[in-house]
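Counting from 1, the numbers follow the sequence of the chain as shown. Basis for what follows: all heavy atoms, side chains included, without hydrogens, waters or symmetry-related copies. This is a predicted model, so every value here is computed, not measured.
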Amino acid sequence: MERDSELELITFVVLAAGAYFIRRTKRRSAVYSWFFLFTVYSLVVRTSPPTLDMVAYHSALTVWPPPVIQYTLREPIIWLGAPLVYKILGSEVFTFMLFDVTTGLIVIRAVDRMEEGRETMLPLGPMILVSYVFLMGQQNGWRQQVAFAIFLWACSARSNHQRRALLLLVLSVLAHNSTALLSGYWFDVGRNGRRRYGPLITLVGVSLVGLLLPYLAKSSSVTGLRTEYLYVALAVVLYLVVVYSSSGRLPRGSATGLVNFAAFVPAIVILGSTQFERMAMMFLVLILVDMWKHHGPLQLSRPEVVNMVFAILVAPVFLFPNALNMLLI
């Protein structure tokens, strides 16, 4: 079966255009109508032959019971859960689509509930799902996509459901161990002005992983470019957008993601460029969530701010040759 790259590109463009069209909506019906397009895009992607890391994930589905190896023990949500779902459904396409649809719904619901009683978070879910972060997830870093969706859910429950939030954090780590390095951000979310230890937790986590890295099996798949410093620049640009949109008035907590990301920057040296890039993608989304959470009403009233944010999230898909090739190859 040949890969219909033209159809993938067309459906992604339609999906991104739909997300742009509802970028300022306050209606849940509009967001969930858009989600139908997301499901169609998932169908197109999953009925195409797998490439890159997805080849290994497809191969792992058909092995039951899964072998007891380091990956299986460290990340059972994926290496045990996915083959079990496949054993029930009997279809690789439906198995991956089920994960796509579930993680997509989790992202939309988690982002929507980041700020109870406010509908200004609604457009952010679709914008995240068409971002470079989730394109990389569907086309290559699948474990990371699933784990990050659960992590966002854990953050949304942090303020009002402590035990559930902790359980979800653990589940996200069991889907992809790298999300443990986001636990500093999770710790700081919902602290309501109390002392924040997130950056210290992040820095200690990076150091510990650096010490253990020689003994851990890890993905060596690269994103195609040495872009670690570009992610640092994008983080700064996002924060400048925050400052611009708020006229310099920054509420407490609006820089939680940026401060934790700054503590993570030494990972460029400690963990290497590939691991840093994959984590940096997730930190960028967290910076954006902070921005929207604390400045949502203002952002929706200023189209130029929304357009800048959308461009930062989606433009890399078309500007980075490696990302565009995932849709074309």
Would you call Glu75 and Leu174 a side-chain contact if the rule is heavy atoms closer than 4.5 Å?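 No, side chains not in contact.
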Hey, does Arg158 have a side-chain heavy atom less than 4.5 Å from the side chain of Leu166?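 The answer is no; the side chains never approach within 4.5 Å.
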Between [X] and [Y], what is the shortest heavy-atom contact and its length?
X      : Y      : result
Pro123 : Pro126 : O-CD, 3.3 Å
Arg143 : Ala175 : CB-O, 3.9 Å
Leu61  : Tyr86  : O-CD2, 3.2 Å

Looking at Phe35, I want to see if its CZ is surrounded by more than 12 non-hydrogen atoms of other residues, nucleotides or ligands under 6.0 Å.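 Yes, enclosed.
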If we ignore hydrogens and angles and just use 3.5 Å, is the side chain of [X] paired with the main-chain N or O of [Y] as donor and acceptor?
X      : Y      : result
Asp290 : Gly257 : yes
Asp112 : Ile108 : no
Ser48  : Val44  : yes
Ser131 : Ile128 : yes

List the steps, then state whether side chain to side chain contact (heavy atoms under 4.5 Å, CB included) holds for Thr95 with Arg46. CA-CA 9 Å; Thr95 297; Arg46 299 314 181 190; over 6 Å; no
With rounding to the nearest 0.5 angstrom, report the [atom1] to [atom2] distance, [X] to [Y].
X      : Y      : atom1 : atom2 : result
Glu8   : Leu15  : CD    : CG    : 12.5 Å
His176 : Leu182 : NE2   : CG    : 11.0 Å
Leu129 : Ser42  : CG    : OG    : 11.0 Å

Hey, would you say the Phe21 and Trp34 ring centroids sit under 6.0 Å apart?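 No, too far apart.
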Taking the inter-plane angle between the rings of Phe151 and Tyr185 on a 0 to 90° scale, is it parallel (under 30°), tilted (30 to 60°) or perpendicular (over 60°)?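 Judged by the thresholds at 30° and 60°, the geometry between Phe151 and Tyr185 is tilted.
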Could you check whether the rings of Trp79 and Tyr57 sit parallel, tilted or perpendicular, using 30° and 60° as the cut-offs?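 Geometry flag for Tyr57 against Trp79: tilted rings.
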Is the cationic atom of Arg109 (NZ for Lys, CZ for Arg) positioned less than 6.0 Å from the six-membered ring centroid of Trp153 and within 45 degrees of its normal?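 Because its charged atom misses either the 6.0 Å distance or the 45° angle limit, Arg109 does not stack over Trp153.
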